[in-house]
Each structure stands twice: as C-alpha cells, then as structure tokens.
> 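Take this structure first; my questions come after.
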Amino acid sequence: MSASARHSLLPLLIGAGFVLVPLITGGDVYAVNLAIRIMCLAIAAIGLDLILGYGRLVSFGHAAFFGAGAYAVGILSTHGFTSAPLLIGAAILAGAALALPIGAVSLRTRGVYFIMITLAFGQMLFFTATSLSAYGGDDGLSLPARATFLGTDPFGSPLSFHYVVLALLALVYLGGRVLVASRFGRVLRAGGEDERRVIAAGFPITAYRLVAFVIAGGIAGLAGGLYAEFTEFVSPAYLSWQRSGEFIVMVVLGGTGSLHGAVLGAAGVVLLEEWLAEFTEHWRLIFGPLLVLAALAGRDGLARLLGRGKP
Amino acid sequence: MSTTLLLIQTLNGLQLGVLLFLIAAGLTLVFGVMDFINLAHGVQYMLGAYFLAAFAAATGSFALGLVLALGAALLCGVVLERLVLRHLYGRDHLDQVLATFGIILFLNEAVRALWGSAPLHVDIPEAMSGAVRLMPGLLYPFYRLVLIGAGLGVALLLYVLVAHTRIGMRVRAGASDAAMVSALGVNVGRLFTLVFGFGAMLAGFAGALAAPILSVEPGMGDNILILAFVVVVIGGIGSVRGAFVAALLVGLVDTLGRSFSTSLMRLAMDSSAAAQAGPALASMLVYVLMALVLAVRPRGLFPARAG
C-alpha cells in the first residue's frame, strides 16, 4: 500500500470506527460515553498537532484554552443561556481570544523558553479559574442544563451527543487537512524545519505561527466547550498543566504532524488509562514508565507500529 | 495596611524566594549546561520533603534526617540521570518533555502508594521552635528565619562555588557553550551528572526545609516547579545570579501581591468587587511580571548563553 493511500485510508477507518461504536456495542452507555470523551479530547489534540506537529512549537499550555472553552459554556449556562450554537461559538471564541495575547508574548521566544512560558501562562489561567469565586472557585461549577438547538436536545442522549461530537470532530479534522495542505500550512511546516530559510524567503513566520496558535486555541476551546456539555461540570482541573501534558502525550504517541495521529493518540491514552485502572488504582506507576520508554525508544511509536508512511 | 504586616509579609516573601532559588538554581543550570528541559525537578523537591519526613521520624532527629534526606535526594538525582535522562541529551525537547512527564506521573504515584494521599506532618525541631521578637509588636517564627538564613547561606556558597572554583568555571563555560567545553577536553558527561545530582540535592534541600511549614503531600512539587520555571525565565537560562534575583523578586511579588491586592483594588472599586478581583489579580501577578520582562528582554535579565 502506498503512503498516500494509507494517509487517506487510516482516517476513514478511524471515522468508521467511531460511527460504528454505538451500533456494535448496542448503544452501551459506558462505551458510548467513553467514545464521546475520546472524541472531545481528540478535537483538542488535533488543535495541538497543528502547532506542535506542523509548527514544531511545543506548547505546554493547551489545557488553558480547553478550559477557557469549558468555562465559557459553564458561565453562560449559569446565566441561563441554552442555545447550543451560542455556547459552542462562545467556547471557540474564548479559546481563540486567550490564545492571541498568550501566543503574541510566547512566540517571541524559542525552544525551552517557549515550553516554559506556555506552561506558565497555562498555570496563570488555572489560578485565575480557582479564584473565580462567583463561579465555584476551586470546587468548579455544575451546569444547570444542557444546551438546546432549535427546540431539540442535541446533547440530551448519549447517542445523539456521540454523533454531534463525531460530526464536529470530522469537521475539525477536514478543516485541519485543508489548512495544512494550503500555502499557509506549508509555510508553517517549513518554519518548523528551517526557520531562517523561511524568514530569508520573506515570510513573516511569527505572524503565521500566531495565526496557527490562535486557531489551535479556538479548536481547544471548542473541545473544552463540548467536554463541559458532556460532563455537565467545569472545574479548574480542566486547565491543569497535567492535562496539557496529557494532550502532548496524545499527540506525540499518536505521531506528530498527521492530524489523525492525534485522534489515535487520544484514543490510545484514554483506553490505556481505563484498562490500567482496572488492575490498580496506582495505574500511573505503569503509565509513567511507559512514557519514559516511549521517549527513549524515539517518538512516533504507535504511529510507526501502524505503519504511517513518511513522505 | 500596617508596617508590621508589611514586614511580616516581606519576610514571608523572602522565605518563598529562598525556596524558589534553591529549586531554580539546579533547574537553570540543567537548562543552561545541557539544554535539557527537566519537568521532573519539582518531584525532586517533593522527594526531599518525604525523605526528611521519613528519616526524621525513623531517627528521631531533624538534623540527622536532613543529612540522610540530602544524601537520598542526591542519589535519586544521580540514578535518574544515569538511568534515563542521560540518553535524552541532545534529543528533541519533545522527547525530554515526554520522558520527564512520565517520571513525574510515576514518582507522584509512587509517593502516593507508599505514604498515602493524606498530607504528612513534620514537627519543627525543638531547638528552632518558638518565635522571635524582631521589634515591638512583631513576632516571627524562629524556624522561618532559620530557613531564610539557610537559603541565603546556600546561595552564597553556590556563588563562591560557581564563580571562584575550577569546577564552577567549567559549569559556567558549559552554560555558555557546551560543545566548545567538550572540544577543549572536559569530560562533559561527568560534568552533566555532577550538575544534575547537585541540582537534585538543592531541590531536595528546599523540600526538606519546607517540610515542617508546608504540608507534605503527593504533587506538592508540581506547582512550585512552575513558579521555578518563571524564575528561570525571568533570570535568564543558565544564570545562577539571575535565578537568585528573579527568585527573590517572584517570591516578594507573589506574597505581597496576595496580601495587599484586595486592599489596593479597594482604592479603585467598591469592596465586594475588590474582594473578587483582588485574589484573581494576585494570582496572575508573577506571570504578568514574566510577560513584562520578556517583552523587554526576551532572554531574561541575565542571559548566560553565548551568541
């Protein structure tokens, strides 16, 4: 099988898998909820892959934008807004609006500086969330009701929730595909490979990166908003730096710079956690060393096993 | 706000700054000399606190516990470096992030499995308990003064070590240009192990000192690690002097900000709004400080790296 065929076949298989989950399991609530959780996190991971995989910028604050989307939905819901397009739109906007200033400052730096600064800004927003005493502070905030759309209840049952999130995941994935194949995406990728050459060729690479950073923030906001609707709960833990780390783990284990790798990574991490947690409550004792081994063995492990073709 | 409160909070800020410096000193050298991002530095701090709690309880002596804890922290650092981190020098930062994130998950969970999730309590040593009258109406716990003094003492020692010894010269040279130092015939591998082990011991020392006044619990190193990152970024990667200045700055800004932001906000808005906005603003202050420093000097206050 040629690399390009694999490149289009694998995403189709993944998509078909998500379509079939409710059918195969007979609508089993546990399985469908697991799939919803995976898809929400996968959307955020795709956003991270844009900047981390294609732009080669290790952002360690992705959970902040995820959390911003979640809080946008949570806060608007407590004020009685229930329109799904409004809430989800606000979630996207919240993620993107925060990513703009944070990206503008962080992108002045490179390498370990960039990692630490995105981490620090993420933590800043985490503490901001804990001090929002009007919206639950440390304890978080329960959503009074789920969003509605033209009198229907898209998030009401696990089944309809599943397909709504799947449709959005497909939309984000396809949008991402178009973006990385475009001239914009090629400049972004070239900047990750050889920044000086791109600058010499006359591209304002920082501006390109900032746009990618904001798009990634918006996508994370969307994911966070959906996750808030899913759990009907928002808390500062959504913004924790451990969650940012988890997003990185998802993208890296799934294979950076392929978009569908991020989806596979999200599924892999969530399923591995669920599986290990069945054996012991201290499942991190196994998960942690697995990450170390993956890093030592070289990245793109899961992706290499699946035979992702290198261009 | 009274002068007494201001003085007490300044001392508290110094105390946080000193702890931050002990953590950031090792972190900034590991960044600077090895271009290595070590997220697991915070768990070294946590381990220091746990080791002290365990050894002090086992031996019945704080001093003996401290010595043993320092040894154990050093050993942990060296083992970690030899076993895992050594293989990741020169690799992509992403590999380093992944591996050290895995180490954090493992060690936090290991501590939880061994000692449980509940915070441990460590007694302040008998000889250092009680309070000292600094001026009329101002009592301050003696142990916290000792902590500040010990931190400043270590800072001075570190300064002499880094600025006036042969090994310190090599470390500084390594932070400036590691490849050149290696080309000049210095055994960089041994230098790396040394710097890493020493950094781990300093972080462990900070944890051990903090154990009697903070709660010793799993994950206690995670938040302070990020403050230490802020310190390293503000001070400039690889610069111990920068870490010292930035640590005190961050410690003071954070502590004073938290105590006085609400009162300051009251000057500008009504008091219920101030009670809301004050804490939110206070928790953001150090990050705003970092953003400001970066806007003016993207490489920190005292960048060590050449070129």
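Quantities reported herein were computed from a predicted structural model and do not represent experimental measurements. Letters A, B, ... are given to chains in the order of the sequence lines, protein chains preceding strands, and every chain is numbered from 1.
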> Checking heavy atoms, do the side chain of L285(A), its backbone, both or neither come under 4.5 Å from chain B?
both

> Select one option (side chain, backbone, both, neither) describing which atoms of V249(A) are under 4.5 Å from chain B's heavy atoms.
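Looking at V249(A), backbone and side chain both touch chain B.
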
> Can a donor-acceptor pair be found, under 3.5 Å and without considering hydrogens, that links the side chain of D49(A) to the backbone of V251(A)?
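No, D49(A) side chain to V251(A) backbone: no donor-acceptor pair under 3.5 Å.
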
> For Y89(B) and F36(B), what are the C-alpha separation, side-chain angles and deciding distance, and is it a ring-ring contact (aromatic ring centres under 6.0 Å, His included)?
CA-CA 7 Å; Y89(B) 297 148; F36(B) 186 89; 5.5 Å; yes

> Can you confirm if the aromatic rings of Y135(A) and Y71(A) lie within a centre distance of less than 6.0 Å?
no

> Go through the atoms of L290(A) and report whether side chain, backbone, both or neither lie under 4.5 Å from a heavy atom of chain B.
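L290(A) has no heavy atom closer than 4.5 Å to chain B.
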
> Counting heavy-atom pairs closer than 4.5 Å to chain B, which one of L125(A), L293(A), L132(A), L52(A) comes out on top?
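Of L125(A), L293(A), L132(A), L52(A), L52(A) has the most heavy-atom pairs under 4.5 Å with chain B.
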
> Mind ranking L107(B), L294(B), V288(B), N223(B) by heavy-atom pairs under 4.5 Å with chain A and telling me who comes out on top?
L294(B)

> Can you tell me how far the CG atom of D138(A) sits from the OG1 atom of T130(A), to the nearest 0.5 Å?
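The distance works out to 5.5 Å.
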
> With chain A as the partner chain, list the residues of residues 75-83 of chain B whose heavy atoms fall under 4.5 Å from it, by residue number, and write 'none' if nothing qualifies.
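Answer by number: none.
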
> Counting only heavy atoms closer than 4.5 Å, note whether V233(B) contacts chain A via side chain, backbone, both or neither.
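Answer is both: backbone and side chain atoms of V233(B) are under 4.5 Å from chain A.
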
> Contact part of L85(B) toward chain A, heavy-atom cut-off under 4.5 Å: side chain, backbone, both or neither?
neither

> Within the distance-only criterion (no hydrogens, no angle test), does the side chain of T100(B) pair as donor or acceptor with the backbone N or O of Q96(B) below 3.5 angstrom?
yes

> Taking E195(A) first and then R110(A), would you say they form a salt bridge - that is, a charged N and a carboxylate O separated by under 4.0 Å?
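Judged by the 4.0 Å cut-off on N to carboxylate O distance, E195(A) and R110(A) do form a salt bridge.
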
> So do F229(B) and L39(B) actually touch side chain to side chain, heavy atoms under 4.5 Å?
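Sidechains of F229(B) and L39(B): in contact.
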
> Taking every heavy-atom pair that is under 4.5 Å apart, which of M116(A), Q123(A), E281(A) has the most such pairs with chain B?
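Answer, by heavy-atom pair count under 4.5 Å with chain B: M116(A).
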
> Measure distances from L227(B) to the heavy atoms of chain A and classify the residue's part below 4.5 Å as side chain, backbone, both or neither.
neither

> Less than 4.5 Å to any heavy atom of chain A: does that hold for the side chain of D222(B), its backbone, both, or neither?
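The answer is both parts of D222(B).
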
> Any heavy-atom pair between the side chains of V171(B) and V240(B) that's under 4.5 Å?
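No, side chains not in contact.
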
> Within the side chain of T118(A), is there an N or O that forms a donor-acceptor pair under 3.5 Å with the backbone of S59(A)?
no

> Can R37(A) and E274(A) be counted as an ion pair, charged N to O under 4.0 angstrom?
yes

> Side chain, backbone, both or neither: which part of M290(B) has a heavy atom under 4.5 Å from chain A?
side chain

> Could you tell me whether the side chains of T193(B) and R86(B) share a donor-acceptor contact shorter than 3.5 Å?
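Checked: T193(B)/R86(B) side chains pair up, N/O donor to acceptor below 3.5 Å.
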
> V112(A) versus chain B, heavy atoms under 4.5 Å apart: side chain, backbone, both or neither?
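When you check distances to chain B, atoms from both the backbone and side chain of V112(A) fall under 4.5 Å.
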
> Hey, what do you get for CG (L94(B)) to OG1 (T256(A)), rounding to the nearest 0.5 Å?
7.0 Å

> How many angstroms lie between CZ in F65(A) and CG in L98(A), if you round to the nearest 0.5 Å?
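If I round to the nearest 0.5 Å, the distance is 6.5 Å.
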
> When you measure from the side chain of H41(B) to the backbone N and O of I23(B), does any donor-acceptor pair fall under 3.5 Å?
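Here the side-chain-to-backbone pair exists.
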
> Taking side chain as everything from C-beta outward and backbone as N, CA, C, O, which of these in I103(B) sits under 4.5 Å from a heavy atom of chain A? Side chain, backbone, both or neither.
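Contact with chain A involves both backbone and side-chain atoms of I103(B).
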
> Checking side-chain polar atoms at under 3.5 Å, does N38(B) have a donor or acceptor matched by the opposite partner on Q44(B)?
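Not at all, the side chains of N38(B) and Q44(B) share no donor-acceptor pair under 3.5 Å.
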
> Relative to chain B, which segment of T128(A) carries a heavy atom at a distance below 4.5 Å: side chain, backbone, both, or neither?
both

> Heavy-atom distances under 4.5 Å only: say whether V286(B) touches chain A with side chain, backbone, both or neither.
neither

> Name the region of I226(B), side chain, backbone, both or neither, that has any atom closer than 4.5 Å to a heavy atom of chain A.
side chain

> What distance separates M46(B) CE from I104(B) CD1, expressed to the nearest 0.5 Å?
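Atom-to-atom, M46(B):CE and I104(B):CD1 are 9.5 Å apart.
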
> Could you point out which residue of V232(B), I224(B), V230(B) forms a side chain to side chain contact (heavy atoms under 4.5 Å, CB included) with L20(B)?
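Answer after filtering V232(B), I224(B), V230(B): I224(B).
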
> What residues of residues 238-247 of chain A make heavy-atom contacts with chain B at a cutoff under 4.5 angstrom?
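Interface residues of residues 238-247 of chain A: W241(A), Q242(A), G245(A), E246(A).
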
